[in-house]
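First the proteins, then the strands, lettered A, B, ... as listed; each starts at 1.
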Amino acid sequence: MGNLLEHMGIERDRVHFSWISSAEATKFVDVVKEISEKVRALGPNKKLVKDYN
Amino acid sequence: MDTYINKIRELSLKLLKKKEVVKVIGFTKGTLPMATSPIAISLEQDVEKLIFNSTCGLNLANYIRNHKGKIAVIAKGCDSRNIITHIVENQIPREQLHIIGVPCKGMIDKTKVASLFDDDIIEFSEDNDTLLLKSSSKEERLNKQDYLRENCKLCMHKNPVIYDDLVGDLVDEQTLDTPYPDVEQIENMDADTKWQHFDKLTKNCIRCYACRNACPICYCPTCFVDESGPQWVGKGQDKTDVNTFHFLRAFHCAGRCTDCGACVEACPMDINVRDFTRKLNKDSFELFEWEAGLDLTKRPPLDAYSPNDPNDFIK
């Protein structure tokens, strides 16, 4: 699915897949930190966003 | 083609006469030149209605579900692969089918042919590799090979994979060094260009769902676009909704699509919907060494777990 999104032009770093157990709080924090940094670097997403106005 | 038609009629008549099948699903002449439509016949005298030519671009595997009794179906290479997918996905038992295999010589791109004329084509016929077309202002003789559909040009399974009868000798299969040149072309673009490409591609989509209805693997009783609780995707012409529809429909076809081209054939707006599905076909091939509809004993890759599945996308 990530591949097809990337194929359509959604940047790879916007889509993340992780398997985190409810007991892995530190992994969750690490993953979220990493995702936030990557997405921040890309800036706001303007693709596949619905404009309700 | 005439030998194909005669053989199709002969085999169908035999099957109906012996009551081996209750109906035969095949192609019949459409209401316009260069048009054919699917037909199910159950009477012996109707076998004359069956035809086969280079405009039979729809996929008959789409019409084999929910029948009572044994049925016969005419199957090109791609139809036969979708029949296998149907059997694997428990949509019909193998015993309920009599498959009349047609070694396929490719179907023509009707839009490309029609673009040569300013007015309507009023007559279409073919003689081996020559297409004869007539409008009220001119006549054209075309070489069929120059007007093949894109998916037929790249087809590597022209012969039926599974069949009970054959209507002609098997044709030579081609092998391609680069089976996915169109996908690679898009892959080489940068993210924004890719997005623009798909935005432009779906610009004219009218959400008629002809692609979905023509698709043999889009057989869900209620399609996700028709669900109202929850409503997964908006129903209007909003660009994001249109793109979401195409993206998700394609993904539902991952590892199941045989690139039969029925979606493109059915599209009234000439959208090359295959730009979405082809990427998944390429991925299935590269990640899972999988081509849909070649093996009755294997389930599609996204439907089965193997410890060897690539999982480097999970972090």
Residue part contacting chain B, namely of A:Lys46, when any heavy atom lies under 4.5 Å: neither

Between A:Asp51 and B:Lys239, does any NZ, NE, NH1 or NH2 come within less than 4.0 Å of an OD or OE carboxylate oxygen? no

Looking at B:Thr193, B:Leu302, B:Asp275, B:Asp192, which has the largest count of heavy-atom pairs under 4.5 Å with chain A? B:Asp192

Can you confirm whether B:Lys194 sits close enough to A:Glu6 that some side-chain heavy atom of one is under 4.5 Å from a side-chain heavy atom of the other? yes

Should we count CD of B:Gln237 as having more than 12 external heavy atoms under 6.0 Å? yes

Which atoms of B:Leu201 are under 4.5 Å from chain A, going by heavy atoms: the side chain, the backbone, both sets, or neither? neither

Considering all heavy atoms of both residues, which atom of A:Met8 and which atom of B:Asn243 are nearest to each other, and what is their separation? CE-O, 4.2 Å

Side chain, backbone, both or neither: which part of A:Val15 has a non-hydrogen atom closer than 4.5 Å to chain B? neither

With side chains defined as the heavy atoms from C-beta onward, is the minimum distance between A:His7 and B:Leu280 less than 4.5 Å? no

B:Phe313 versus chain A, heavy atoms under 4.5 Å apart: side chain, backbone, both or neither? both

Quick check on A:Leu5 against chain B: is it the side chain, the backbone, both or neither that has a heavy atom closer than 4.5 Å? both

B:Ile314 and A:Trp19 have their tightest heavy-atom pair at CG2-N, 3.8 Å

Minimum side-chain heavy-atom gap A:Val31-B:Lys315 below 4.5 Å: no

At what distance, to the nearest 0.5 angstrom, does CG of A:Leu48 lie from CZ of B:Phe198? 12.0 Å

Around atom NZ of B:Lys235, are there more than 12 heavy atoms from other residues, nucleotides or ligands closer than 6.0 Å? yes

Near B:Phe224 CZ, under 6.0 Å, is it more than 12 heavy atoms from other residues, nucleotides or ligands? yes

Option from B:Thr240, B:Thr244, B:Asp241, B:Asp238 for which side-chain hydrogen bond (donor to acceptor under 3.5 Å, both in side chains) with A:Lys50 holds: B:Asp241

Please indicate whether B:Gln185 has more than 12 foreign heavy atoms, meaning atoms of other residues, nucleotides or ligands, lying under 6.0 Å from its CD. no

For B:Lys279 against A:Asn3, the heavy-atom pair lying closest together: CE-O, 3.7 Å

